[in-house]
Amino acid sequence: MSQTPRYRFAPSPTGFFHVGGARTALYNWALAQREGGVFVLRIEDTDESRNSPEWTSGIIDALAWLGIDSTSPQFEGPYFQSQNASLHIAAAHRLYESGHAYWCDLTPEQIQERAKASGKQGYDGYSRDRGLEPGAGRVLRFRVPEGTTVIRDLVRGDVEFENSSIEDFVLLRGNGSPMFLLANVIDDIEMRITNVVRAEEHLPNTPKQQMLWHSLGHEPPVWAHVPVLVNEQRKKLSKRRDKVALEQYKDEGILAEAMVNYLMTLGWAPHGDTEIVPWSTIVEQFRLEDVNHSPAFFDVKKLHAFNGEYIRALSIADFIATCRPWLTAEDVPWNADRYNEDAFIKVAELVQTRVVTLSEVPAMVDFLFLDTPIIDEQAFAKTFAAEFAVPFLERCRAAYASIDWTHDALKLHLDALSEELVVKLGKLQAPLRVAVTGRTVGPPLFESLEVLGRERTLRRINDALSRSV
RNA sequence: GCUCCCAUCGUCUAGUGGCCUAGGACACCACCCUCUCAAGGUGGCGGCACGGGUUCGAAUCCCGUUGGGAGUGCCA
């Protein structure tokens with residue numbers, strides 16, 4: 001009879017949610033879902049400097065954005081490591097009483113001196129058999145046994161560590177507070193965790209944790225250490241150098257589904273030859289045994305490609321709804337009261353295939369809501385340098401004053417002009433586009449004009465004509 | 001330094017001894033479509049780090065070399 005699998009995600013609240021953490025959380029969540037297990041969230045807040053209540057709600061929000069729903073029956077927590085401190089300390093004392101740990105009065109400086117004198121690194125086990133009693137400033141150290149420790153890891157297979165290469169590590173600090181390693185293990189035991197899936201950087205700590213599990217009389221969980229995410233220099237993603245905050249990607253208009261899908265293809269791939277798959281497929285197919293062993297480059301370009309796919313897959317109604325927050329934000333280039341959703345709806349379809357992130361949307365339609373367009377000077381100079389530009393615009397102005405105001409009629413007229421002036425339509429329309437939208441690229445021009453309206457179009461042509469002389 | 005991990009196109013990956021003339025995706029290039037730009041379509045470029053084994057047969061197994069990475073706190 002197998003027990004229900006209990007996975008866990010144990011971030012420390014450092015102020016923002018890291019994309020690497022997001023991937024680890026997603027791995028755990030996918031597995032818990034598929035196996036009918038539980039996803040336990042534990043906030044590892046035992047370091048004072050990494051603790052602030054709003055960080056925690058930030059984590060919950062980030063998880064929710066990723067689709068990890070804290071109200072799901074398969075979600076448990078959040079638990080707070082700091083609240084279990086007495087449990088950690090009690091366990092440490094049990095370890096002392098059973099002979100698995102001992103007290104040590106060496107200061108870090110003394111340890112360094114001894115290491116220097118002996119030519120070996122680290123703590124040398126000096127206090128192992130000194131039979132010290134607990135006392136002020138004394139740390140409790142784990143007595144690492146002889147032998148070897150084998151970690152059964154689902155992604156890496158068996159990893160062997162020589163115990164002699166592991167020093168007697170600290171369980172309790174001189175001030176009596178528990179160390180992370182201990183707290184982590186005690187919490188996992190307490191929460192009946194059966195599967196630990198986390199980043200590879202924890203692998204070197206795992207033998208210590210496994211020894212703790214055994215010393216405390218428990219069978220260790222199933223381990224799985226997944227490769228880290230790296231930057232183009234192939235270094236672990238760091239918040240100092242790299243853009244790693246999930247929030248930043250959300251703010252630039254990355255869709256959660258795209259982020260989730262992309263993250264899952266780092267170190268793993270769905271079956272078949274498309275990587276764009278719904279979460280349900282991922283849950284069906286994801287197995288730790290299939291996770292790649294080497295670090296994966298977090299490629300923003302590919303993330304954007306995924307995002308473009310997801311944006312284009314949206315129904316037009318969903319696309320409009322998804323754009324709304326970006327079009328009604330504070331920092332939009334037009335006066336908020338000038339925003340007209342009906343106008344946006346008319347061009348939405350044309351915008352949808354032209355953006356990769358939602359943050360690009362406002363700049364693509366700003367000319368509709370601005371009194372006067374934001375003129376790109378370089379584009380203006382370049383397009384108005386053409387000989388035909390001014391005469392063309394003058395004729396355009398004359399014709400557009402009376403023509404039927406539909407994109408077809410608008411275009412038809414330019415087609416005729418194009419033939420007459422022997423300038424290809426593609427070139428011909430450029431000055432018009434710059435005059436009206438301020439830019440050289442954008443949604444199809446005649447549809448844009450139709451939505452803009454005759455009056456505003458003519459005014460902008462006038463403005464352009466007068467500034468070009 | 002020491003411990004551990006890793007190695008398929010530029011990048012993310014498929015591949016678990018014969019289906020591999022190594023497949024897909026992103027990026028890149030070309031062409032088609034086209035009112036700009038996209039989107040879409042078609043095609044192209046490009047890889048098993050190296051050296052030894054094992055085997056009738058190796059990207060796949062073993063060993064070594066080289067190259068990367070992670071860890072190495074009274075941080076988490």
Side-chain angles (χ1 to χ4, degrees), chain A residues 10-14 44-50 81 104 106-108 111 120-123 137-141 151 153 155-156 159-162 164-167 169-181 183-184 199-207 225 227-228 230 232-236 262 265-276 289-290 292-299 301-306 308-309 312 350-356 364 383 407 410-411 414-415 418 424-430 432-434 437 439-448:
Chain A
S12 61
T14 50
E44 308 221 312
D45 58 350
T46 39
D47 180 357
E48 303 289 325
S49 64
R50 302 195 187 196
Q81 185 157 79
C104 173
L106 255 34
T107 63
I111 290 169
K120 288 183 195 154
Q121 294 230 320
Y123 168 69
R138 291 180 180 176
V139 301
L140 186 67
R141 286 182 182 276
I151 302 301
D153 188 292
V155 350
R156 286 160 208 284
V159 183
E160 222 177 286
F161 292 86
E162 205 57 57
S164 59
S165 72
I166 302 170
E167 67 175 40
F169 51 95
V170 174
L171 262 16
L172 252 30
R173 298 188 180 88
N175 67 10
S177 65
M179 290 286 288
F180 154 74
L181 216 61
N184 191 269
E200 188 189 5
E201 63 209 69
H202 294 281
L203 187 52
N205 273 331
T206 309
H225 290 90
V228 294
V230 297
E232 51 271 84
Q233 279 81 240
R234 302 243 121 221
K235 301 277 191 229
K236 192 171 80 165
Y262 175 64
T265 65
L266 258 24
W268 179 79
H271 309 338
D273 52 31
T274 171
E275 295 175 308
I276 308 280
E289 292 85 341
D290 296 334
N292 241 27
H293 296 181
S294 32
F297 169 48
F298 184 81
D299 185 356
K301 268 189 169 172
K302 190 159 180 179
L303 204 214
H304 282 176
F306 270 53
E309 294 270 356
R312 275 171 258 130
L350 305 173
V351 172
Q352 191 174 9
T353 55
R354 288 175 170 75
V355 293
V356 151
M364 197 152 288
T383 50
H407 66 267
L410 261 14
K411 176 169 185 294
L414 284 216
D415 280 335
S418 154
K424 280 213 180 348
L425 184 55
K427 285 192 74 168
L428 191 63
Q429 54 96 50
L432 212 210
R433 179 185 290 281
V434 173
T437 71
R439 296 189 184 80
T440 198
V441 299
L445 182 58
F446 304 108
E447 284 82 350
S448 301

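Because only heavy atoms are used, hydrogens play no part in the values below, and waters and symmetry mates are left out as well, while side chains stay in. Chain naming here is simple, since letters A, B, ... match the order of the sequence lines and numbering starts at 1 in each.
- Scanning atom types as modelled, no donor and acceptor separated by under 3.5 angstrom connect the side chain of A:Arg156 and the base of B:C5.
- Using C1' as the reference atom, B:A25 and B:G47 are 15 Å apart when rounded to the nearest Å.
- Taking the side chain of A:Thr353 as heavy atoms from C-beta on, and the options B:A76, B:C35, B:A39, the nearest nucleotide is B:A39.
- OP1 and OP2 of B:G73 both lie 4.0 Å or more from every side-chain N or O belonging to A:Arg141.
- A donor-acceptor contact under 3.5 Å links the side chain of A:Gln121 to the base of B:G1.
- For B:G69, the OP1/OP2 oxygens have a side-chain nitrogen or oxygen of A:Lys235 closer than 4.0 Å.
- Nucleotide B:A7 is matched to B:U66 when pairs are restricted to Watson-Crick or G-U wobble geometry with both distances under 3.5 angstrom.
- Using a 4.0 Å heavy-atom criterion, one finds that A:Gly442 contacts the bases of the nucleic acid, with or without backbone contacts as well.
- The shortest non-hydrogen separation linking A:Val139 to A:Gly174 is CG1-N, 3.5 Å.
- Using a 4.0 Å heavy-atom cutoff across all strands shown, A:Leu106 reaches at least one base atom of the nucleic acid.
- A sub-4.0 Å separation between OP1 or OP2 of B:G1 and a side-chain N or O of A:Lys120 is absent.
- Phosphate contact (OP1/OP2 of B:U11, side-chain N/O of A:Arg234, threshold under 4.0 Å): absent.
- On the P atoms, B:C9 is 14 Å away from B:U60, given to the nearest whole Å.
- Here B:C33 sits opposite no nucleotide as a Watson-Crick or G-U wobble pair (both hydrogen-bonding atom distances under 3.5 Å).
- Considering only heavy atoms from C-beta on, A:Pro227 comes within 4.5 Å of A:Arg156 through its side chain.
- Heavy atoms only, all atoms of each residue included: A:Phe297 and A:Tyr262 are closest at O-OH, 3.7 Å.
- Pair assignment for B:C28 gives B:G44, based on Watson-Crick or G-U wobble hydrogen-bonding distances that are each under 3.5 Å.
- Across every strand in view, B:G1 sits in a pair with B:U72 that passes the Watson-Crick or G-U test at under 3.5 angstrom.
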Practice task
Using the side-chain contact (heavy atoms from CB on, under 4.5 Å) rule, take A:Val155 and A:His293 through it: C-alpha gap first, then chi angles, then the decisive distance, then the call.
Solution key: CA-CA 7 Å; A:Val155 350; A:His293 296 181; 4.2 Å; yes
Practice task
Output, in order, the C-alpha distance, side-chain angles, deciding distance and verdict of side-chain contact (heavy atoms from CB on, under 4.5 Å) for A:Met179 and A:Phe169.
Solution key: CA-CA 10 Å; A:Met179 290 286 288; A:Phe169 51 95; over 6 Å; no
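- At a cut-off of 3.5 angstrom, counting only N and O atoms as typed in the model, there is a donor on one side and an acceptor on the other between the side-chain of A:Lys302 and the base of B:A25.
- At a cut-off of 3.5 angstrom, counting only N and O atoms as typed in the model, there is no donor on one side facing an acceptor on the other between the side-chain of A:Glu309 and the base of B:C26.
- Among the atoms of the strands shown, base atoms are found under 4.0 Å from some heavy atom of A:Glu275.
- The C1' atoms of B:C32 and B:A70 are separated by 49 Å, rounded to the nearest whole Å.
- When the side-chain nitrogen and oxygen atoms of A:Lys236 are compared with OP1 and OP2 of B:A70, none of them lie within a distance under 4.0 Å.
- Remark: A:Arg354 is not in phosphate contact with B:U36, judged by side-chain N or O atoms under 4.0 Å from OP1 or OP2.
- The phosphate of B:A76 (OP1 or OP2) has no side-chain N or O of A:Asn205 nearer than 4.0 angstrom.
- Using atom P as the reference point in both B:A7 and B:G15, the two lie 14 Å apart (nearest Å).
- Nucleic acid contact class of A:Ala296 (heavy atoms, under 4.0 Å, all strands): sugar-phosphate only.
- If you take atom C1' in B:A27 and the same atom in B:C45, they sit 12 Å apart, rounded to whole Å.
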